[in-house]
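Throughout, a chain's letter reflects where its sequence line sits, starting with A, and its residues are numbered from 1.
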Amino acid sequence: MLRTHTCGQLRKSDAGTEVTLCGWVESKRDHGGAVFIDLRDRYGITQVVIGPPEANATLIDEAGRVAAESVILIRGKVSERLEGKANEKLATGEIEVRSEHFEILNSCETPPFTPNQADLPGEDLRLKYRFLDLRRAEMQRSMVLRSTIVKTMRDYFAEYDFIDVETPILGRSTPEGARDYLVPSRVHPDSFYALPQSPQLYKQILMVAGFDRYIQVAKCFRDEDLRADRQPEFTQLDMEMSFVDAEDVMSLIDGLVARTAKEVLGKEVKTPLPRMTYDESVRRFGSDAPDLRFDMEIVDVTSVAKKTEFRVFRGTADSGGFVRGIPVKNAATKYSRRQIDELTEYVKGDFGAKGLAWFRVEDDGSLWSPISKNFDEAHLAEIKELMAGEPGDLLMFLADSWEVTSKGLAGLRKRLAVDLGLIDPEELNCSWVTEFPMFERDEETGRWNAMHHPFTAPLESDLPSLKDNPQDCRAQAYDLVINGSEAGGGTIRIHNPSTQSDVFELLGIDAETAEDRFGFLLNALKYGAPPHGGIALGVDRWVMLFAGLDNIREVIAFPKTQKAADLMTQAPGSVDKEQLAELHLRAAKVTN
RNA sequence: GGCGCGGUAGCUCAAUUGGUUAGAGUCCCGGACUGUCGAUCCGGAGGUUGCGGGUUCGAGUCCCGUCCGCGUCGCCA
């Protein structure tokens, strides 16, 4: 070992000890006759003094010329700082190392930015020089937190006899669901592997194989557009168990959530976590991942809208649509007409709403709005009653389909909560959304799609509706929601081949296609498949949420940009013609 | 694919309605300095305003196209 201690380790009690430290030059204060260097490693910062009597003039001169972010080694004696010179900002601030030996292990070119600079550089620069960016204290914290969370997960599942099994990265493409990343095969012309979107099918087969408790920290890949909380490759804590029902899986994860909150945040999370059905969630919050850190619940006023003379409301209600709204407490004076116009543009642009209706609850309790002349007093009173409106409130409404009102109000609700500061950044709100629909209809083709995946088991009680009323058929599915973000999702799987066939049939996957794509799973189900189910937890999301961050790239060492590029390695990149030829490929477009 | 925001010195930003030589802080380079911890002081260097085209007497500023980054909707079984 080149060093005897780390830069975060030394305290007053170490005074007098001879030490050797290694690290990066965080900053340097050159006084000519003496030089102060803040030496940094991932454990902390220690002040090094290069000055007389320990150091001679040559050494002081050399230290004065060392470039920022150079890697150096120093040897010297730990000494208590002079009276009144302690630095309270540093854990090591009561001591310094008076260096008698100073050595540059590797000098650093002038970096485009330094890890500790006051203004954070643009993200593209941070990504290009990720090795510098990762030196920043925030990034180091994120990475350590990530490691701690993964360790907590592994330890937790190990306690419950789960075993870790690795499943292939090179698998089969399944055209359902997200787009696959494909890998061409050299030895099989015109054939492709696909990178896994999840280890779903493998883990089910592991259940058939008798490994009744499986986990894996699994890299997954989806070739879809990115978001602040979505990367094309991401990590899941994938888990599967045999002989369980949905409640068993949820309560096991309840324990993990509580354990993790306790371990990494020192917070108590009460279990069992609250459960809410999908229907209830969409009705009250417009979303299947409701943010329960604040109220502003959606209220359905369609019944009143039907009676009014206001054409937009009445017309929508009469034609099977919905008029739903959210009460925004004490916001009447906080939003100008212009700001409301902006919100209107938001719901129109992002959710396809036709407009945004709003009322102000006046001091006398009456409702006022540019459209209020279209309403009878009695109807206004009814609306206010339903919305529990009080003076100073702003009531906002969308009149549209169930989907548009849900998504629009959910978006509005979240945006307003952020605007109005209704969210406590310290809160960690965890809950379950259950009983998702089995199927949703594809707007374009009119066909049924699996909402989760086609191996999801229906609720026993809904089995009769599977064939004739698929829209009413609910799944044994559960999503873990943390602070309004989907942090995991799982289901109980179908373990009997005939139910599986029924589901495929409904999805328009004929027996031949099913055999071609999933034959191996269907085959396995015939050979003694136990009842089983599991969940996949989004590790990146967990770290992001536990760290209180709102961007997933901040918890991934080497993330990709919105166009799925790696600015550091320049991936994806072009390849030689020869490489393509070996893979039996030809580029469709020649790049200039 | 749609909508929106952004790109000016190595970095973070500024530049009035289109108007003189595009500024500041920081970093960097040179010098001074033994108690700093955002060290201080003196001096200096540093620019094809992302790229291409257009309008104009004149473009960082206006228009068109394009590239890159970010947010969001679609998409993400």
Enquirer: Classify the nucleic acid contact of Asp180(A) as base, sugar-phosphate or nothing, counting any heavy atom under 4.0 Å across all strands shown.
Expert: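 Since no nucleic acid heavy atom lies under 4.0 Å of Asp180(A), the category is nothing.
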
Enquirer: Measuring only the C1' atom in each nucleotide, how far is G58(B) from C13(B)? A whole number of Å is fine.
Expert: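 The answer is 27 Å between these two C1' atoms.
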
Enquirer: Give, ordered by number, those residues of residues 499-525 of chain A having at least one heavy-atom distance below 4.0 Å to an atom of RNA chain B; if nothing qualifies, reply none.
Expert: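 Of all residues in residues 499-525 of chain A, none places a heavy atom under 4.0 Å from RNA chain B.
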
Enquirer: Please give the distance between the C1' atoms of C76(B) and U55(B) as a whole number of Å.
Expert: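 The answer is 44 Å between these two C1' atoms.
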
Enquirer: Got a salt bridge between Glu403(A) and Lys407(A), using NZ or NE/NH1/NH2 to carboxylate O under 4.0 Å?
Expert: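 Between Lys407(A) and Glu403(A) there is no salt bridge, as every charged N stays at least 4.0 Å from the carboxylate O atoms.
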
Enquirer: Taking only the P atom of each, what is the distance from G52(B) to G74(B) in whole angstrom?
Expert: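 G52(B) and G74(B) have their P atoms separated by 38 Å.
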
Enquirer: With a 3.5 Å cut-off and no angle check, do the side chains of Asp502(A) and Thr499(A) form a donor-acceptor pair?
Expert: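 No.
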
Enquirer: Once side-chain hydrogen bond (donor to acceptor under 3.5 Å, both in side chains) is applied, do any residues pair with Asp238(A), and if so which ones, sequence neighbours excluded?
Expert: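 Here the qualifying residues are Lys203(A), Tyr214(A).
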
Enquirer: Does the side chain of Arg474(A) come within less than 4.5 Å of Phe436(A)'s, by heavy atoms?
Expert: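 Contact flag for Phe436(A)/Arg474(A) side chains = no.
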
Enquirer: Applying salt bridge (Lys or Arg N to Asp or Glu O under 4.0 Å) as the test, list every pair that has at least one member in residues 35-47 of chain A; sequence neighbours left out.
Expert: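 Residue pairs passing salt bridge (Lys or Arg N to Asp or Glu O under 4.0 Å), neighbours aside: Arg3(A)-Asp41(A), Glu26(A)-Arg40(A), Arg29(A)-Asp38(A), Arg40(A)-Glu69(A).
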
Enquirer: Whether Lys77(A) and Glu54(A) form a salt bridge (side-chain N of Lys/Arg under 4.0 Å from carboxylate O of Asp/Glu) is what I want to check.
Expert: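 Lys77(A) and Glu54(A): not salt-bridged.
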
Enquirer: Please enumerate all protein N or O atoms sitting under 3.5 Å from an N or O of nucleotides 10-14 of chain B, with distances to 0.1 Å.
Expert:
from   : atom 1 : to        : atom 2 : distance (Å)
C11(B) : O4'    : Pro112(A) : O      : 3.2
C11(B) : O2'    : Gln117(A) : NE2    : 2.8
U12(B) : OP1    : Gly122(A) : N      : 2.5
U12(B) : O2'    : Asp119(A) : OD2    : 3.4

Enquirer: Check this for me, if you would: do Glu240(A) and Arg493(A) make a salt bridge, where the nitrogen-to-carboxylate-oxygen distance has to be below 4.0 angstrom?
Expert: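 Counted as a salt bridge, because a side-chain N and a carboxylate O are separated by less than 4.0 Å.
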
Enquirer: Any N/O pairs under 3.5 Å between the protein and nucleotides 33-35 of chain B? List them or say none.
Expert:
from   : atom 1 : to       : atom 2 : distance (Å)
C33(B) : N3     : Asp30(A) : O      : 3.3
C33(B) : N3     : Gly32(A) : N      : 3.3
U34(B) : OP2    : Gly33(A) : N      : 3.2
G35(B) : O3'    : Lys85(A) : NZ     : 3.4
G35(B) : O2'    : Lys85(A) : NZ     : 3.1
G35(B) : O6     : Arg98(A) : NH1    : 2.4
G35(B) : N1     : Glu96(A) : OE2    : 2.9
G35(B) : N2     : Glu96(A) : OE1    : 2.7
G35(B) : N2     : Glu96(A) : OE2    : 3.3

Enquirer: Under a 4.0 Å threshold between the charged nitrogen and the carboxylate oxygen, would Glu83(A) count as salt-bridged to Lys85(A)?
Expert: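 Between Glu83(A) and Lys85(A) there is no salt bridge, as every charged N stays at least 4.0 Å from the carboxylate O atoms.
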
Enquirer: I need the single residue from Lys128(A), Arg126(A), Arg553(A) that forms a salt bridge (Lys or Arg N to Asp or Glu O under 4.0 Å) with Asp133(A). Which is it?
Expert: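 Exactly one option meets the salt bridge (Lys or Arg N to Asp or Glu O under 4.0 Å) with Asp133(A), and it is Arg126(A).
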
Enquirer: Looking at Phe518(A) versus Phe504(A), is the centre-to-centre ring distance below 6.0 Å?
Expert: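 Centroid separation for Phe518(A) and Phe504(A): below 6.0 Å.
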
Enquirer: Please enumerate all protein N or O atoms sitting under 3.5 Å from an N or O of nucleotides 46-52 of chain B, with distances to 0.1 Å.
Expert:
none

